[in-house]
Each structure stands twice: as C-alpha cells, then as structure tokens.
Amino acid sequence: MTPVSRTRPAALVAAFALLVAGLLIPGLASRADAATCGTTNLALTKPATASSTEGAAYAASAAVDGSTGTRWSSQFSDPQWIQVDLGSTQSICQVVLNWETASGKAFQIQTSNDALNWTSVYSTTAGPGGTQTLAVSGSGRYIRMYGTARNTGYGYSLWEFAVYGAGTGTPPPPTGGSLGSNVIVFSPTMAQSAIQSQLNAISDQQVSNEFGTARYALLFQPGTYGSAANPLIFTVGFYTAVAGLGQNPGDVVINGTVDAYNQCSGGTCNATTNFWRSLTNLTVNVTGMTGCQAGNDFWAVSQAAPMRRVHFNGNVSLMDYCVGGPGYASGGFIADSQFTGGTVTNGSQQQYITRDTALDGWSNGVWNQVFCGDPGAPAQSFAANSGQTGGPPPYTTLGTCPVTKEAPYLYQDSSGYRVFVPSKRTNSSGPSWANGATAGSSLALNTFYVVQPSSSVDTINAALAAGDNLLFTPGVYQINKTITVTKPDTQIIGLGFATLVPTAGNVTMSVADANGVTVSGLIFDAGTTSSPSLLHVGTTPGTNHSADPVSLDDVFFRVGGATTGTVATPLIVDSSDTLLDDIWIWRADHGAGGGSWTSDQSPTGLIVNGNRVTAYGLAVEHFQANETVWNGQQGTVIFFQNENPYEVPSQAAWMAGSTQKGFPSFYIPNSVTSFQGYGMGSYSYFSQGVDIHNAMAFQVPNTPGVALHDLLTVFLNGSGGIDTVVNGTGTAVNSGNGGPSNVVSYP
C-alpha cells in the first residue's frame, strides 16, 4: 500500500493540540498536577520498536527523537503498538502522547520488565487525540502504547511519545575488570610442576562434583606446555572449561593429554553422566600415557561437553575402555576442529555429531553418528539394518553445513583480553581456521560488563541498555528478574559454565527481535517457582535475520538435577534464522527431583516458532508432553537425540490424545509445509515396571516438503516401548526387540 501523506506544519499541529489538551479534555493531568514527576524525558532517543510502520519514513524511532517534525505511523489496522526500552527499571508517573491526526481512540499504556509480560497502567476507550498528558503509576523497563481502536481510517501516528518518572534508574556499571578468582590463567613461563599441581587439585575436586556449585575456567596463555620427555597430563571434571588464549588453536600447544574418564558406581564404570565440561582453542600433541592408555587421549563424555577449535595430533578415544567397564558413552559434540596423525575411536559412543572438522580416521558407529561438513568423514551408510549385527555403520554424512557461526572465544594480545566473534558461514566444510585466521571481528574487554555472581539484575540490565556486552565469570547466579537483551549484536558469554537460576518465577533472559545476538557457554537452571521459560529468543517470527542471525552456542538447560525446579518451556525461539549449536535441554532423570513424575514439572523442552531456524547437535530429554515442538517453516535439524521420560506412572497419565499413547519426542504440526531433519533418534526406558507405550517417536505432517532422513528408535531397558518410529511407520522396539528400528527416509 502506498503511504498517504498527511504532513502538516509541526508548530500549527502542536499549538492546536495544546489548545485541545488544555480546554477540552477533562480528567487529564497537567504538568502542575504531576509536580512530583521529573522533567527528564526518559524515552528520549531510547530504542523504540513498533508492530508495524506505514513506510520507511515513519519508523518507531521518530516518536522518541525529540522532534515534532517527525513521527511514527503504523499500518491501517488494529491492534498496533509502539514500545520503548527505557534501559532499566523506572518508576513512571507521567506519559505524554503527542498525536498526529491519526490518533488512538481505544488504547492502553502498559509497562513490563521483560517485554513479554505486560501490566496496564492506563486505559481508555475515548481517546480524543491531540496531546494527551496522562498521570500514571507504575514501573518497568519497557513501556508501550497498545492501540485497539482508531479515531480515523488511517493507522496510529505519534509525533512524540514522552515518559517521565521520579527516579533516574540504575546507572551503567564500569566495563572490563577482573575475571574473578575461578578463572585460572597459566603462562608457559610458570614451572610445569606448579601448573600440574594446580590442575590436579581442581581435577580432584571437580571429577565427582556433578551437582556442586564450583565453576572453573582454566586458560592457557600462548606458548608450549609440556614435552615428550615431561608431558603435561590432566583430567577435566565437571564445570571445567579448558581453553587456549591464542587467537588460533596453534598458538597454545600442550604436549601430553587432556582427558575425561569413566565415572564408577557400584562396580560399573561408564561415561554416560560426564556432562558440563569443555575443551577449546588449542593443540594437543598426544604423548606420555602408558599401559592401557598409551598412545591415546581419552575424551569420554556425553552431552554438554563440547570440543571446539582443537587440533589433536595423535589418537583420540571417545570412550574409556581402560577404567572398568562396560564404558558406555552417549552423545557428544565436536566442531571447527582438526585431527591429524591418528584416528578417532568412537567405540561405545551411541550417538555423536562432528561438524566442520577435518578427520584423519573414524573407527565405527553404534546407533547414530552424524558428520556435517567434515573432510575425511566416513561415507553416508545409514540403512534399515544399521546398528544391527552385520549391518553397515549408522553414518549420516552431509558434505557441507547450510549455515554456521562459530562460538565467540576469549583470547589475549598485546592490548590485553579480547573476545573474537566469528563470522557467519554458508555451505561450510572444515575448520574456520584451516586456511588462516578465522574471519570475524575482535572486541576489547572494555566493551563487556564483566558480571560477577554478586551483580544485580538491575546493574546487568543497565549495562545492556548502555550497549555493553556481557561476560559472566564462573559461578552460580540467582536471577530475581528478567535479564533483557534489546540491542543488536550483543555478545553474552559465559566462562566456566556460569549458571543462571531464576528465583521469582521470572523468565531468566529474554532477547528482543534483534540481529546478531549471541548467547554462549551458559547453563540455565529452572527455579523452584515455575517460570514460563528460561530463555526466550525473539518476538516476531516474521522478521528476517538471515544476514545477521541470533546464535546460541553451548547453551544448556536443566529442570532438576542440581536443584528441584519447574518451568513451562525452558527454551522458546521466536526469532527467525536463529542458529542452535550444541543445545542440551534436560529434565533430570537423577539428582534433585530426578526420578519423580510430580517433581521437576515441565511439559515441553523446546518450542521453535521462528522460520529458517537451524540446529546442530540438539538434545531434548525426559519432558512430560510433546518434548520438542517445531512450528516454524523451513527449519533444519542436523542430529537430534532424545530419551522419553523414565518415570511415567501410568499410561493414562501420558496420553497425547484419547487414543494416542504417549507423546512424540519431536512434533511438527500440520501447518508446517517445509522442514529437513537428519540423524534423529529417540530412546525409551520406562522404569516403573508399568507397561508404558509411546505410539510414535516422531509426529510430522505427511507432506513432501517435510522430509526426515536417518531416523531411529531404541529400547534401552525397562518395560513397554516405542511402537513406531514416525507417523505409524517403523518397527516397534520393546523387550523383545531392542532395536535400533531405523527409517532411512520419510515420507
């Protein structure tokens, strides 16, 4: 629609509006009536967004620019809104609306602390237009005019939207500063004995500390550590992030091994609970082990234990066959890495994803091994009998990855600490640093507010409002209100698995519909009071962010385990084009509240409403209804892993409908016409001795635009089972047929 020009001399409009406001509108407060309000317009030049605009000349920002010669104007429909981010929570006592002729008849003034949940502080169904000075009483970081009926056939149009309050809000904090006592920095000039001693002490503390509160980042400055004659060998435990501080992996070299081994309990040793640890941005020349462990680096981990930007020169085993047995491991993630001079032994790893990594050999597969953009990867071989005796390996191999953006990382140069933010890649294959430095941008530490566990949310939000990035130091954070991210390209990075816990039933973090925001390296725990979500990304699925997408990297969610908790949906993605890269969303099967159907309540782990969302290494486990709901168009998932909830008490308690037993692990409604999924598995272990069945692991529209490749189900143990793989297709798995039951393609 072509915008209709209604421009008038601003002075004439303003004079007429003031006359109307002063003479004809009873009940509206004047500035004298609101003498207790400040004189500073809190909305002036603040970030503003709107439901729509009449055209490019009528942006939301024009209503907060201080000029009565520019205006915001909406499309010609109801409802419409304009929203202002005040930067921090403010006590608001007055709002002034300077309407153009296209004014609101019925509208509300609403406030919010998270831009999701709104409280009305003023309402009218007889708005006269002109300049309205409204006495209000409320508080919030966000304020909006929400219109439901217009005075004209045009839209809603404001010359200015002014907001006044009694206070000035929380000032932005200083940036940069100390990374905290749990960030341990090693230098090649330090005595190796001192380095080894400190590494051993942290390992001894953290190897068994599955649900503890200690968090560590172990950082190695550029240089070489250890030698063939005197190797540096250490073990990485829970909540320990090991990283090099060079700009490229070759800048930090460890001669030795960096290991993760089985956990032993009751005489059985496995790696199935080796979570929450990482290895990043360095080179390991494998040397120094003896006996059973000779010639290998052991990285026996399961979910939430990523390996990124590493160069291993030598053999690497993803299982531990030396410490007890049987040595099962279940799930892992490698990205942007290189392996030379040896092979990768998959061993007992039941499912695994390797992305944009150069391989020099891969030993085998169990149920579900996915390779995306990996030079040297095994050829595609997933078949109906993969994972069964005599069958081919269950390899799902894609030559390139459609859209990727590597995780930001901390490094040092002559100016001090910096954060490197890699650029987006399309059709990627191999490490981003294979032919030189990774493309991207470098940010100084003084562009980050360095967050400590003692930091208040008001201070965090003030930093975000001032345009700062966030660097969370290792620790557990009690979050009593929503952390609100509104500015494009904000970088939010956690060190040492920093963990955020809501304490008041609040959303922990919300990200506005902004380009280029990154959330990386954080754990989101549910709190004891139910929250609607823990992380909510975006607001408007229709907005295209493909040029500069939001990215979530190594972000993990827990409902229970460390603490009992409840949440409706841990992760909601409304922002189109979002990249999900190594995401584990876990309703606990052990730990605090684990194993109880009535504790740690949470029906759905993930809801995706945005279009063109791409996920690599997505795991969603043990939720009580549809575990993953994918509503967006043109989505892509490359590797999906799921376990049904263990502790279902009865079939009647777990029904998707009157005749459909159980709930799918991955649900796509019939409204979706385009989706691609690769290497997707779901497993059952119903532990209550009751005959529980899941009618189907995957439920999707039966349309050619929705295509699933290399699907499987497995019966792990217990009773009952999964009756079909997808939409009634695929053999049942149960105590008589443990599987895997494979469907090579659907439909």
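These numbers come from a predicted model, not from an experiment.
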H545 backbone acceptor or donor facing D577 side chain under 3.5 Å
yes
Please tell me if the side chains of T484 and V511 come closer than 4.5 Å, counting only heavy atoms from C-beta onward.
no
Run the numbers on S52 and Q75 for side chain to side chain donor-acceptor pair (under 3.5 Å), then give the verdict.
CA-CA 6 Å; S52 68; Q75 292 290 310; 5.3 Å; no
Name the orientation class of the two ring planes belonging to W99 and Y156 (parallel below 30°, tilted from 30 to 60°, perpendicular beyond 60°).
tilted
Verify whether one side chain among T636 and T614 offers a donor that lies under 3.5 Å from an acceptor in the other.
no
Would you call the rings of Y477 and F472 parallel, tilted or perpendicular if under 30° counts as parallel and over 60° as perpendicular?
perpendicular
CD1 (I607) and OG1 (T628) are apart, to the nearest 0.5 Å, by 10.0 Å
Full working for ring pair (Phe, Tyr, Trp, His ring centres under 6.0 Å) between F107 and Y146:
CA-CA 5 Å; F107 64 88; Y146 187 86; over 10 Å; no
Of all heavy-atom pairs linking N480 and V457, the shortest is OD1-CG2, 3.5 Å
Once rounded to the nearest 0.5 Å, what's the spacing between atom CG of L179 and atom OG1 of T473?
8.0 Å
Please check if the side chain of N98 supplies one atom and the backbone of W159 the other of a donor-acceptor pair under 3.5 Å.
no
Determine yes or no for a side-chain-to-main-chain donor-acceptor pair under 3.5 angstrom, with T482 supplying the side chain and D114 the backbone.
no
Side-chain donor-acceptor pair present, R425, S432, cut-off under 3.5 Å:
no
A48 backbone acceptor or donor facing W72 side chain under 3.5 Å
no
Any luck finding a side-chain donor-acceptor pair between T499 and R215 under 3.5 Å?
yes
All heavy atoms of P408 vs all of V419, minimum pair found to be CB-CG1, 4.0 Å
Compute whether any side-chain donor of one residue and acceptor of the other, for S123 and Q108, lie under 3.5 angstrom apart.
no
Heavy-atom closest pair (P422 atom, T438 atom, distance to 0.1 Å) is CB-CG2, 3.9 Å
Assess the pair F556 and F524: is the distance between their ring centroids shorter than 6.0 Å?
no
Are Q80 and S77 close enough that a side-chain donor and a side-chain acceptor fall under 3.5 Å?
yes
Would you find a donor on one side and an acceptor on the other, under 3.5 Å apart, between the side chain of N151 and the backbone of G127?
yes
Which atom names give the shortest non-hydrogen contact between S531 and N506, and what distance separates them?
OG-O, 2.7 Å
Aromatic ring proximity, centroids under 6.0 angstrom, W630 and F675:
yes
Can you tell me if T578 uses its side chain to pair, donor with acceptor, with the backbone of V613 under 3.5 Å?
no
Just by modelled atom types, is the G505 backbone N or O under 3.5 Å from a matching donor or acceptor in the T529 side chain?
no
We want to know whether T673 and Q633 form a side-chain donor-acceptor pair, criterion being a heavy-atom distance below 3.5 angstrom.
yes
Applying salt bridge (charged side-chain N to carboxylate O under 4.0 Å, His left out), name anything that partners D553, two or more places apart in sequence or on another chain.
none
In chain order, what residues pass the salt bridge (charged side-chain N to carboxylate O under 4.0 Å, His left out) check against D65, with sequence neighbours excluded?
none
Tell me, with the steps shown, if E160 and V96 meet side-chain contact (heavy atoms from CB on, under 4.5 Å).
CA-CA 8 Å; E160 284 296 299; V96 180; over 6 Å; no
Give the C-alpha distance, both sets of side-chain angles, the deciding distance and a yes or no for side chain to side chain donor-acceptor pair (under 3.5 Å) between Y154 and S73.
CA-CA 9 Å; Y154 299 115; S73 185; over 6 Å; no
Hey, does E627 have a side-chain heavy atom less than 4.5 Å from the side chain of T604?
no
So do the side chains of I109 and S120 get within less than 4.5 Å of each other, counting heavy atoms only?
no
Does L471 reach the side chain of L445, with side-chain heavy atoms less than 4.5 Å apart?
yes
Do you see a donor-acceptor pair shorter than 3.5 Å between the side chains of R141 and S88?
no
Please report the C-alpha distance between T404 and S428 in whole Å, then the side-chain angles of each, then the deciding distance to 0.1 Å, and finally whether the side chain to side chain donor-acceptor pair (under 3.5 Å) criterion is met.
CA-CA 7 Å; T404 56; S428 58; 3.1 Å; yes
Does any donor atom in the side chain of S112 or N117 lie under 3.5 Å from an acceptor atom in the other side chain?
no
side-chain contact (heavy atoms from CB on, under 4.5 Å) for H536 and T569? Distances and angles first, verdict last.
CA-CA 9 Å; H536 194 137; T569 306; over 6 Å; no
Are L606 and P570 close enough that some pair of their side-chain heavy atoms sits under 4.5 Å apart?
no
Is there a donor-acceptor pair under 3.5 Å between the side chain of S456 and the backbone N or O of T459?
yes
Are side-chain heavy atoms of T111 and I92 found at a separation under 4.5 Å?
yes
Considering all heavy atoms of both residues, which atom of V507 and which atom of L534 are nearest to each other, and what is their separation?
CG1-O, 4.1 Å
For the residue pair L580 and Y616, establish whether any side-chain heavy-atom pair is separated by less than 4.5 Å.
no
Distance-only, no hydrogens or angles: does the S576 side chain make a donor-acceptor pair with backbone N or O of P541 under 3.5 Å?
yes
Between S157 and R71, does a side chain to side chain donor-acceptor pair (under 3.5 Å) hold up when you go through it step by step?
CA-CA 7 Å; S157 185; R71 60 186 171 90; 3.0 Å; yes
Verdict with supporting geometry, L134 and Q94, side-chain contact (heavy atoms from CB on, under 4.5 Å):
CA-CA 6 Å; L134 311 176; Q94 188 181 85; over 6 Å; no
Within 6.0 angstrom of K487 NZ, more than 12 heavy atoms from elsewhere
yes
Mind listing the closest non-hydrogen atom pair of T566 and T528 along with its distance?
CG2-O, 3.7 Å
Answer with yes or no whether the side chains of T486 and Y142 bring together a donor and an acceptor at under 3.5 Å.
no
Are side-chain heavy atoms of N609 and I572 found at a separation under 4.5 Å?
yes
Under a 4.0 Å threshold between the charged nitrogen and the carboxylate oxygen, would K46 count as salt-bridged to D85?
no
Are the side chain of E100 and the backbone of A102 linked by a donor-acceptor contact shorter than 3.5 Å?
yes
Calculate, to the nearest 0.5 Å, the distance between atoms CG and CD1 belonging to L618 and I583 respectively.
7.5 Å
Residue list, salt bridge (charged side-chain N to carboxylate O under 4.0 Å, His left out) with K481, at least two apart or on another chain
D458
Between R150 and D78, is there a salt bridge with N-O shorter than 4.0 Å?
yes
Please report the interatomic distance CD(Q132) to CE(M145), rounded to the nearest 0.5 Å.
10.0 Å
For L97 and V95, run side-chain contact (heavy atoms from CB on, under 4.5 Å): C-alpha distance rounded to whole Å, both residues' side-chain angles, the deciding distance at 0.1 Å, then the answer.
CA-CA 7 Å; L97 303 177; V95 171; 3.9 Å; yes
